[in-house]
Amino acid sequence: MSAEPPKEPVKYVETTLRLPYHYVAGDWRATYLRALKDKRILGSRCTKTGKVIVPPVVASPESFAPCDPELVELPARGVVTTFCIVNIPVIGRSIELPYVAASVALDGAAISMYALIQECRPEEVRMGMRVEAVWKPDGERTGSHEDILYFRPTGEPDAPLASFIDRL
Amino acid sequence: MKRAVAVVGVGQTHHASRRAEVSIAGLVREAIDRALLDAGLEHRDIDAVVLGKAPDMLEGVMQPEQFLAGAVGAHLKPLIRVHTAGSVGASTALAAVTHVASGLYERVLTVAFEKQSEGNAMWALSPTLPFTPPLVAGAGGFFAPYIRAYIARTGAPPHIGPMIAVNARANAARNEYAHLREPMTIEDVLNSPMLWDPIRYLETCPSSDGACAMVIASEEAARRGPRRPAWVKGGASYAEAMWVPGRDQVNPKAGRLCAKAVYDQAGIRDPWKEIDTAEIYVPFSWFEAMWLENLGFCDLGEGWKIVDRGEQRFGAHLPINPSGGVLCTNPIGASGMLRLAEAALQVMGRAGAHQVDGARTALGHAYGGGAQYFAMWVVGSER
Amino acid sequence: MTARLRDVAIVGFAQLPVVARDEHRMAAEMLYPVVREALAQCGVERDDIDYQVAGSTDYMDGRPFGFVMALDVMGSWPPRQDLHLEMDAAFGAHYAWLRMQTGEIDTALVVGHGKTSEGEPARVLNLQLDPYYQAPLGLDPVSTAALQASAFMARTGTTDGDLAEIAARSREAGARNPDAQVRTPASAEELRRTPWAVEPLREGYLPPVGETATCLVLAAAGRAERLCDRPVWIHGVDQRVELQTLGARDLTRSASARLAAERAFQMAGLAAASDVDVVELAAATPVEELILREALGLPRRGGPVVNPSGGPLCANPLMSTGAIRLGECFRQLAGRAGARAVPGARRAIAHATQGHCLQQNLVWVLGTERRWA
């Protein structure tokens with residue numbers, strides 16, 4: 001390596017930082033993820049209001065009361081509450097552009113969860129559209145959020161606005 | 001019982017996508033030196049330093065206020081570091097106001113910055129984390145559904161977003177410090193790539209390096225200063241939980257409560273009439289229409305009409321973001337403080353080419369998180 | 001300089017026992033029970049508290065915006081007046097105290113959270129150093145502490161044996177603290193036999209890596225008496241920072257701790273640190289304790305009881321260590337310190353620090369009486 005000083009003033013210092021982190025999933029989240037492997041979606045019920053939050057949380061952010069550790073299973077179907085059409089490719093996943101990113105309120109859940117909508121043209125997606133989960137095939141699910149590939153329309157009539165206006 | 005507090009000096013950097021000719025300390029000092037000069041003060045006159053910025057991953061330095069302690073003139077003074085996501089610049093300024101209003105500090109220097117070109121901003125803001133659903137569509141993908149919901153609720157026509165973006169650029173042309181200053185047309189916006197329907201590329205904020213600083217002072221210290229100060233008539237920072245059933249992200253409750261608290265403190269009953277100009281945090285065009293409603297400038301559903309009628313343009317009834325706003329300049333940690341500082345500049349009569357004539361009462365506003373954090377102030381030219 | 005200060009007290013404190021790693025709970029999940037408990041101690045609901053401040057850092061969390069998750073477990077609905085500092089929660093408590101002085105709030109919740117076990121503190125905390133000259137040297141906090149220790153020992157003639165004694169005293173105290181992480185006593189001889197971590201600091205003189213969640217409740221006079229049978233009053237407080245650059249300051253003395261103590265004592269009307277009964281120092285090593293003793297004007301030995309909790313040597317959950325010092329003084333003065341109570345404790349000093357080599361320091365003076373003399 002040369003012992004000569006640089007001819008130009010040093011302008012940049014390139015540093016690559018590598019920091020290992022070993023995260024704790026937390027028992028509630030781990031239970032939720034393991035259930036996804038079995039094609040089950042679990043939520044937690046607020047002990048004060050009875051509302052179900054999915055993914056499950058230890059305490060209701062609304063009431064401040066603890067949630068029941070006995071998690072509740074929800075059907076893998078629900079309604080699109082809001083959505084947008086995205087034109088930016090997804091790194092690490094081959095998705096046709098444009099695609100729909102949506103909030104889906106599962107039947108019985110008090111809040112929406114984030115999901116992709118597929119198997120229809122983006123312009124067909126609408127608030128209130130009824131959808132169902134499409135899972136990764138048996139043997140490919142690992143107990144992660146990606147076990148739900150996306151949601152697709154069920155073909156049922158749209159849900160009325162009143163039924164999901166509180167669950168956006 | 002509340003002590004009067006004023007802004008006696010404002011400084012900011014020339015914001016750009018990469019300020020490669022200065023170090024982090026150099027960037028911060030550019031703003032601080034200007035603020036002190038503006039206030040006619042020196043470092044020894046400062047009693048405490050309140051610093052704010054957004055995630056430290058953006059620069060790859062943890063708690064950089066520690067290595068900057070000397071550069072910001074905090075040696076042997078109190079120093080705190082605020083972090084409230086996108087609203088941080090504003091909540092930082094308000095924390096400085098608290099320091100002075102407590103009666104313990106006469107003059108407090110507050111500074112907010114981001115030198116996000118140093119790191120990889122996209123990664124820093126949304127790294128892939130285990131056990132966490134990936135934010136596949138990016139920040140815009142998070143907010144775009146709520147913009148769609150706003151459009152659905154109000155029946156707003158599609159040209160409103162592009163109008164806002166065009167107007168922001170026209171404003172930035174009058175602001176020598178702004179990052180993006182080139183004027184553009186509605187056609188330019190419509191021709192730019194659609195990212196997250198309905199947000200197009202030219203309706204999104206840039207990634208900028210920049211810093212902003214202010215000197216906040218007690219009434220006594222303000223009256224001794226060389227210039228007319230901007231009096232802080234009201235200020236508040238609020239936050240709300242994320243996963244609350246029925247939480248309205250189009251018209252967030254934390255925003256409404258925060259605005260109400262600030263207006264009550266400032267004695268404002270009709271913002272549309274009593275506020276002369278407002279710098280509000282608009283990272284994606286449509287938020288301008290949404291925040292006009294959330295901030296009580298008009299009834300729900302009417303925000304887009306104000307834009308349609310051009311009533312928020314420079315020279316019109318209520319100029320919004322005469323500086324060009326976040327759409328034209330976005331060093332994340334500084335953006336919130338820039339809104340509050342620009343509001344102060346307006347009522348101090350020192351906004352140069354983007355001065356709103358006769359501005360005596362101005363609102364500065366910022367938000368962050370999933371529309372969870374809100375921080376705002378009202379400043380006036382009269383005590 | 002100012003009008004008379006408003007009397008503010010600590011009226012509640014809760015923490016989880018500090019553990020090396022909580023395998024079952026995320027940071028926010030650790031925080032929830034602690035907030036509930038602190039409020040229960042005060043007999044109030046979340047709606048009765050005017051303000052909330054949190055202390056945590058993104059790099060400790062290993063994610064940007066990690067603190068946002070805490071909102072959901074702190075009762076942030078309806079929306080609350082709120083602030084988050086990228087600092088130990090003790091600094092949040094100072095900010096809450098400042099806010100009380102404005103008269104705008106009467107009560108505040110101050111929380112600290114973060115799972116130190118998820119990252120590798122030695123590598124993460126290296127990033128606190130300036131990225132141009134110091135961080136690239138690979139300095140971790142034990143190394144910088146060792147630099148400071150080496151210089152201090154040279155100036156003062158402090159020996160390895162002196163350090164071992166301090167560490168042994170802390171370990172004995174920690175054994176009586178059910179919330180400490182390290183709860184086995186160890187003799188000075190045993191600790192002197194532990195290998196060097198970075199000379200002159202032995203492994204036996206260094207804190208464990210651990211985590212917890214903390215919650216303090218502060219209240220102004222008029223409210224405090226209703227929330228706590230024995231409120232612990234804040235008589236004085238001050239914080240100061242120094243330059244970071246290790247070569248640019250006298251590492252053997254903490255100028256910022258000295259100044260913060262001077263100002264806090266002045267505010268409190270405290271003539272000398274030795275006039276208090278209990279001192280809780282956020283000293284991560286025995287050398288830091290000696291430096292702080294000197295800065296505060298405490299004798300090297302004897303005087304008030306120092307770190308009856310066991311101190312950071314027995315539990316050092318980053319982001320909460322400073323808050324725990326305050327909380328421990330609260331427990332001592334409010335009669336809630338159980339087996340480790342210092343009999344008749346009526347006045348205390350609590351300390352918090354940030355950064356390498358005691359770069360920033362916060363000093364509180366506390367007492368059982370609303371005002372002292």
Side-chain angles (χ1 to χ4, degrees), chain B residues 1-3 23-24 49 54-63 65-70 74-85 91 95 98-99 101-104 106 118 124-127 129 236-244 247 252-254 257-258 261 369-370 372-374, chain C residues 1-3 5 52 57-60 62-65 67-69 71-87 91 94-95 98-104 124-125 127-132 134-135 238-245 248 255-256 259 354-356 359-360:
Chain B
M1 192 200 175
K2 189 91 189 285
R3 298 174 182 88
S23 65
I24 297 172
V49 181
D56 290 343
M57 285 88 182
L58 287 166
E59 291 84 10
V61 184
M62 178 176 173
Q63 297 168 299
E65 63 280 3
Q66 290 179 10
F67 95 81
L68 292 170
H75 186 60
L76 294 181
K77 293 177 188 171
L79 168 73
I80 64 166
R81 154 72 187 288
V82 181
H83 178 14
T84 58
S91 59
T98 290
H99 275 64
S102 73
L104 278 106
E106 286 284 298
E118 304 264 308
L125 294 172
S126 42
L129 296 167
S237 308
Y238 275 74
E240 65 183 33
M242 176 73 171
W243 299 112
V244 174
R247 187 166 83 93
K253 192 162 178 182
L257 286 185
C258 190
Q372 296 167 265
Y373 293 88
F374 288 84
Chain C
M1 186 230 253
T2 68
L5 292 172
Q52 59 186 36
T57 60
D58 284 347
Y59 262 113
M60 281 281 94
R63 58 178 296 166
F65 311 114
F67 57 93
V68 177
M69 297 192 299
L71 289 178
D72 280 39
V73 297
M74 289 168 67
S76 309
W77 190 262
R80 308 288 185 190
Q81 291 199 72
D82 169 276
L83 195 70
H84 167 257
L85 301 185
E86 197 84 347
M87 306 180 83
F91 290 83
H94 179 228
Y95 182 76
L98 272 181
R99 222 173 142 75
M100 302 246 194
Q101 298 305 320
T102 69
E104 284 168 16
V124 173
L125 295 172
L127 297 181
Q128 287 174 319
L129 297 168
D130 86 78
Y132 312 105
Q134 297 182 114
D238 195 273
Q239 60 111 331
R240 304 278 155 173
V241 73
E242 293 169 57
L243 299 178
Q244 182 191 75
T245 309
S256 57
L259 183 56
Q354 289 281 254
H356 291 248
Q359 184 191 349
Q360 182 169 19

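Protein chains get the first letters and strands the later ones, always in sequence-line order, with residue 1 at the start of each. Only a predicted model underlies this, so the values are computations on that prediction, with no experimental measurement involved.
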Review point. Does the side chain of B:His83 come within less than 4.5 Å of C:Leu85's, by heavy atoms?
Key: no
Review point. With a 4.5 angstrom heavy-atom cut-off, which part of C:Val73 approaches chain B: side chain, backbone, both or neither?
Key: neither
Check your understanding: Which word best sums up how the rings of C:Tyr95 and B:His99 line up, parallel for under 30°, tilted for 30 to 60°, or perpendicular for over 60°?
Key -> tilted
Point to revise | Heavy-atom side-chain contact between C:Arg99 and B:Ser102 under 4.5 Å | key: no
Review point. Where on B:Glu59 is there a heavy atom nearer than 4.5 Å to chain C: the side chain, the backbone, both, or neither?
Key: neither
Review point. To the nearest 0.5 Å, what is the distance between CE (B:Met57) and CG (C:Leu127)?
Key: 9.0 Å
Review point. Chain B heavy atoms under 4.5 Å from C:Gln359: which part of the residue, side chain, backbone, both or neither?
Key: side chain
Review point. Side chain of C:Gln244, backbone of B:Leu68: donor and acceptor closer than 3.5 Å?
Key: no
Practice item. Calculate, to the nearest 0.5 Å, the distance between atoms CD and CG belonging to B:Gln66 and C:Asp130 respectively. Key: 11.5 Å
Study note, to complete from the structure: What one should report as the nearest heavy-atom pair of C:Pro64 and B:Ala124 is CG-O, 3.1 Å
Check your understanding: At a heavy-atom separation under 4.5 Å, does B:Val82 approach chain C through its side chain, its backbone, both, or neither?
Key -> both
Check your understanding: Side chain, backbone, both or neither: which part of B:Ala261 has a heavy atom under 4.5 Å from chain C?
Key -> neither
Practice item. Name all residues meeting the ring-ring contact (aromatic ring centres under 6.0 Å, His included) criterion together with B:Tyr373; count only those two or more places apart in sequence or in a different chain, and write none if there are none. Key: C:Phe67
Check your understanding: Side chains of C:Leu71 and B:Met242: closer than 4.5 Å at any heavy-atom pair?
Key -> no
**Study point:** Residues that B:Asp56 engages under salt bridge (Lys or Arg N to Asp or Glu O under 4.0 Å), provided they are two or more places apart
**Key:** B:Lys53, B:Arg81
Review point. Could you state the interatomic distance from CG (C:Leu243) to NE2 (B:His75), rounded to the nearest 0.5 Å?
Key: 4.5 Å
Review point. Contact part of C:Ser256 toward chain B, heavy-atom cut-off under 4.5 Å: side chain, backbone, both or neither?
Key: both
Exercise for review: Quick one: closest heavy-atom pair of B:Leu79 and C:Met87, and the distance?
Suggested key: O-CE, 3.8 Å
Practice item. Please flag which part of B:Ala239 lies under 4.5 Å from any non-hydrogen atom of chain C: side chain, backbone, both or neither. Key: both
Practice item. Below 4.5 Å from any heavy atom of chain C, which atoms of B:Leu257 appear? Answer side chain, backbone, both or neither. Key: side chain
Exercise for review: Below 4.5 Å from any heavy atom of chain B, which atoms of C:Glu104 appear? Answer side chain, backbone, both or neither.
Suggested key: side chain
Exercise for review: Starting at OG1 of B:Thr84, measure out to CG of C:Asp82 and round the result to the nearest 0.5 Å.
Suggested key: 8.0 Å
Practice item. State, to 0.1 Å, how close B:Ala74 and C:Val241 come at their nearest heavy-atom pair, and which atoms those are. Key: O-CG1, 3.2 Å
**Study point:** Polar side-chain atom of C:Gln101 near backbone of B:Leu104 as donor-acceptor pair, under 3.5 Å
**Key:** no
Review point. Side chains of B:Gln63 and C:Glu86: donor-acceptor distance under 3.5 Å anywhere?
Key: no
Review point. Taking the inter-plane angle between the rings of B:Phe67 and C:Tyr132 on a 0 to 90° scale, is it parallel (under 30°), tilted (30 to 60°) or perpendicular (over 60°)?
Key: perpendicular
Check your understanding: Distance from B:Lys77 atom NZ to C:Gln360 atom CD, nearest 0.5 Å?
Key -> 14.0 Å
